[in-house]
Structure formats: structure tokens, C-alpha cells
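Since the model is a prediction, treat every value here as computed from it, not as a measurement. We use all heavy atoms of the structure for the numbers below, so side chains are in, but hydrogens, waters and symmetry mates are not. Reminder, nothing fancy here: chain letters follow the sequence lines and each chain counts from 1.
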There are 2 protein chains.
Amino acid sequence: MSRDDRRRQLLGIGLSKLVEKPIQDLSLDEVAAEAGISRGLLFHYFPTKRDFHRACIEAAGRRILRNTRADDALAPDAQVAEMVRLFVEQIDRRRDFYLSLVHGTGSADVSLVEVYDAIWAEATDRVVAALGVAPEQARVVHAWWAYVEDHALTWSAEPPARRTTSEAALVAHCTDALAALLAVGRR
Amino acid sequence: MSRDDRRRQLLGIGLSKLVEKPIQDLSLDEVAAEAGISRGLLFHYFPTKRDFHRACIEAAGRRILRNTRADDALAPDAQVAEMVRLFVEQIDRRRDFYLSLVHGTGSADVSLVEVYDAIWAEATDRVVAALGVAPEQARVVHAWWAYVEDHALTWSAEPPARRTTSEAALVAHCTDALAALLAVGRR
DNA sequence: AGCCTTGTTGAGCAATGCTCAACAGCGTGA
DNA sequence: TCACGCTGTTGAGCATTGCTCAACAAGGCT
């Protein structure tokens with residue numbers, strides 16, 4: 001198997017496994033066995049377990065960013081609304097995937113923090129670019145994403161049948177919130 | 001040594017160690033050695049490594065909540081401002097401690113997620129109680145805490161000498177943001 | 001004295017992260 | 001055709017580490 005194919009296969013296995021259990025509970029033997037290769041080969045591709053873990057999270061982050069990209073042709077406000085909608089739906093559809101791989105850092109692992117930072121920086125840049133937000137307000141957009149994330153997580157936590165808010169209302173609230181927050185900073 | 005004292009000692013060691021390295025890299029031998037006890041005794045107090053980890057994070061959460069409690073006698077708005085100020089200062093003073101122990105879940109470990117949820121629920125309750133926020137708006141307060149957390153983390157990430165915003169301005173922005181967000185929900 | 005509780009130890013097992021020397025298959029150039 | 005090297009691959013083996021378990025020491029109670 002080619003180098004790239006093998007890497008992709010291993011990352012795929014890692015993603016599916018890391019949804020079920022934290023990294024401490026995932027043995028590389030397990031991954032190697034599922035891939036049908038020897039442990040040694042796994043260490044050839046990812047020299048250390050931490051490297052493997054980081055690569056998995058990077059892959060998850062790329063997937064999220066890919067799935068929440070809005071159409072450039074839309075109007076600025078519509079772009080943001082679209083991003084939020086895709087983001088909320090992404091979380092709602094695969095809450096465990098999101099929680100276990102994309103959300104939060106924990107773990108005091110510096111290289112992991114960098115990965116998360118890069119993901120949120122990209123999401124922030126998109127909004128800043130779409131709306132033409134002033135650079136000194138970028139941190140407001142960044143923090144607003146945390147606000148949106150938290151809303152989406154609590155919203156998706158309750159069973160769909162019992163939801164008091166519609167998805168559209170949630171998205172609308174989030175976009176309105178961004179406008180309100182930017183107004184706060186401008187005052 | 002008494003049961004409680006021993007537990008406290010071990011948790012203290014765990015807290016200091018977990019700031020430096022993620023749980024995967026912390027061997028219980030290390031903890032036992034620093035405490036001057038045998039490995040066996042450590043497993044007597046915390047039957048599994050995950051239990052130890054969870055207990056450490058609970059302790060960290062309790063510490064944060066203790067350090068960010070506002071005076072009940074203050075006016076509602078002042079209480080919130082006080083909480084935010086204490087929170088920002090807490091993060092600024094011990095950023096690594098906060099990042100590695102209190103922020104985020106990751107790890108797909110259900111019992112850990114519960115611990116984090118409890119911490120944020122308590123913080124939310126305090127604000128809801130202080131301001132008399134309507135129950136259906138509690139989730140706005142919850143998400144607002146995520147907003148505040150993100151602001152505090154990016155603010156504390158830049159070296160104090162180069163900061164463009166004062167702490168007071170940050171706190172003011174956050175409290176204003178809460179008012180603005182609650183107004184969005186009410187519309 | 002005998003006994004029970006409680007904090008404590010240390011040997012030992014099995015799993016696991018990681019290293020390393022070597023091998024198989026295949027294309028390339030002499 | 002043979003030798004060479006590159007690349008994906010293996011499997012033995014080492015050291016660490018999470019965890020179990022039987023046993024011990026000391027203090028209080030009957």
C-alpha cells in the first residue's frame with residue numbers, strides 16, 4: 001500500500017476509535033490489528049503515540065472546517081448565517097465525534113493546543129473576511145465562536161423531540177448575537 | 001497519615017504534575033514516589049488511574065469556583081463584574097493550570113464531561129441568581145461564560161507589556177456583552 | 001492477651017509504548 | 001543477468017506502567 005493510502009487508513013481508524021474512548025485507553029496494538037499490520041509499521045508512520053493522536057485531531061479539524069465552509073458568492077450576512085447553520089448541524093449530527101476530537105484541549109499538551117488554535121483561527125478569519133470586521137475586533141469574533149459552540153453543544157444535548165428552540169431560531173440568535181457583540185465593542 | 005490528609009496530599013501532587021504534562025505522560029509511580037509511598041497505597045485511595053485523574057480535575061474545578069465567588073452583598077451588576085474580574089485574573093495568573101485542568105474536555109471520557117458540566121453549571125447558576133435571569137435565558141448565560149473564557153484566554157496569552165486592552169476594559173466589555181446577549185434573546 | 005480495623009507494603013502479572021535489525025519485493029543501471 | 005538500493009514491512013525484545021493480591025504493623029477496644 002502506498003504511503004499516503006496507509007496514512008489515510010490509519011487516521012481513519014484512529015478517528016473512529018477515538019470517538020469511543022480517550023487516547024489513554026486506545027492501544028496502538030488495537031489500531032495495528034484493525035489495519036492488519038504489525039505494530040512496528042505503525043511506528044514507522046507515526047514515530048510516537050502522541051504524533052498519531054495529533055494527526056488524528058488535525059484530520060478531524062480539517063473535516064470540520066471543510067464541512068462548514070460557506071459559499072463566497074452569498075451576501076456577507078448570509079455567509080455567516082450559513083457557517084453557523086453548518087456548524088450547528090455538524091455538531092448535532094456527530095456530537096460525540098465533535099466533543100471527543102475537536103472541542104477543548106485539556107491535557108497540557110502544547111502541540112495539541114496549537115492544533116486547536118489553528119482551527120479556531122481559520123473559522124474566525126472566515127467571518128472577519130466575510131463581514132469585513134476591523135482587525136481589533138477579531139478577538140470578539142473569536143470569542144463569539146466559543147459562544148456559538150457552547151450554544152450548539154447544549155442545544156444538541158437535549159433530545160430532538162423535547163427541543164424548545166428550532167435550529168433556525170438558534171442560528172438566528174447566534175448571528176444576531178454577533179452583531180450585538182460587535183456593537184458592544186464599538187461603543 | 002489520615003485518610004483525608006493523604007488524599008489531599010495526593011491530589012495536590014496530581015494537580016502540580018498535571019499542569020506540566022498530560023495524563024498519559026504521568027506515571028503513578030511518579031506520584032507515589034513524590035508522596036513517599038508505595039504504588040500499592042496509591043491504588044488503595046484511587047482504584048484506577050482514571051479515578052485519580054477525575055479527582056484531580058474536580059479539585060481544580062472546586063478551586064476555580066472558590067476563587068471566583070463574588071460577595072452576595074454587592075449589587076447584581078457589581079456581582080457579575082466581580083465574578084468576571086476574578087475569573088479573568090485567575091486565568092491570567094495561572095494560565096497553564098487553567099488550560100490543562102479546567103478548560104475543555106476532549107478525551108471522550110463521559111465521567112470527565114460530567115465534571116466540566118457541573119463546574120459551568122455552577123458558574124451559570126451564580127449569574128442567573130445574581131441577576132434574576134429568566135430560566136429560559138440560562139443557556140445564554142452559559143454560552144456567555146464560554147465567550148468570557150475565550151476572551152480571557154486570548155487576552156492572557158499576549159504578554160502583559162504588549163496588551164492593547166486593560167483588564168478593566170475587558171471586564172467591562174464582558175459584562176456589557178452579557179447585557180447585549182440577553183437583550184438579543186429577549187427580542 | 002486476643003482481635004479487629006486501618007494504613008501500608010512489595011512482589012508479581014499482563015499490557016503496551018517503543019527500538020532495532022533484518023527481510024521481501026521491485027525497479028534501475030551496469 | 002546480477003548487483004544495488006529504495007520502500008513498505010515484520011517480529012523479537014526491552015522497559016515502563018497500570019493494576020492485583022496476600023500479608024504486615026500499629027493502635028484501639030473488649
All heavy atoms of Arg95(B) vs all of Ala157(B), minimum pair found to be NH2-CB, 3.4 Å
Heavy atoms of Leu42(B) and Leu28(B) approach each other most closely as CD2-O, 3.5 Å
Can a salt bridge be assigned to the pair [X] and [Y] using a cut-off of 4.0 Å between side-chain N and carboxylate O?
X         : Y         : value
Arg139(B) : Glu158(A) : yes
Glu122(B) : Arg69(B)  : no
Lys21(B)  : Glu30(B)  : yes
Arg7(B)   : Asp4(B)   : no
Arg163(B) : Asp92(B)  : yes

[N] [atom2] sits how many Å from [X] [atom1], rounded?
X        : N       : atom1 : atom2 : result
Gln9(B)  : dG7(C)  : CD    : P     : 14 Å
Gln24(B) : dT16(C) : CD    : P     : 15 Å
Asp29(B) : dC19(D) : CG    : P     : 12 Å
Ile37(B) : dT9(C)  : CD1   : P     : 7 Å
Phe52(B) : dT17(D) : CZ    : P     : 15 Å
Asp5(A)  : dT7(D)  : CG    : C1'   : 15 Å
Leu26(B) : dG18(D) : CG    : C1'   : 12 Å
Arg3(B)  : dT5(C)  : CZ    : C1'   : 11 Å

inquiry  = Check this one for me: any side-chain N or O of Arg6(B) less than 4.0 Å away from OP1 or OP2 of dT6(C)?
reply    =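 It does not, given that no N or O in the side chain of Arg6(B) lies less than 4.0 Å from OP1 or OP2 of dT6(C).
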Q.
In this structure, would Trp120(A) and Leu86(A) fall into the same cluster of hydrophobic residues linked by side-chain contacts under 4.5 Å?
A.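 Trp120(A) does not cluster with Leu86(A).
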As a check of understanding: the bend across the helix from dA1(C)-dT30(D) to dA30(C)-dT1(D), end axes from five pairs, rounded to 10 degrees, works out to 20°
Close approaches to DNA chain D from residues 38-51 of chain A, in residue order (heavy atom, under 4.0 Å):
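Nucleic-acid contacts, sorted: Ser38(A), Arg39(A), Gly40(A), Leu41(A), His44(A), Tyr45(A).
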Applying side-chain contact (heavy atoms from CB on, under 4.5 Å) to Thr124(A) and not counting sequence neighbours gives Val128(A), Val141(A), His142(A), Trp145(A)
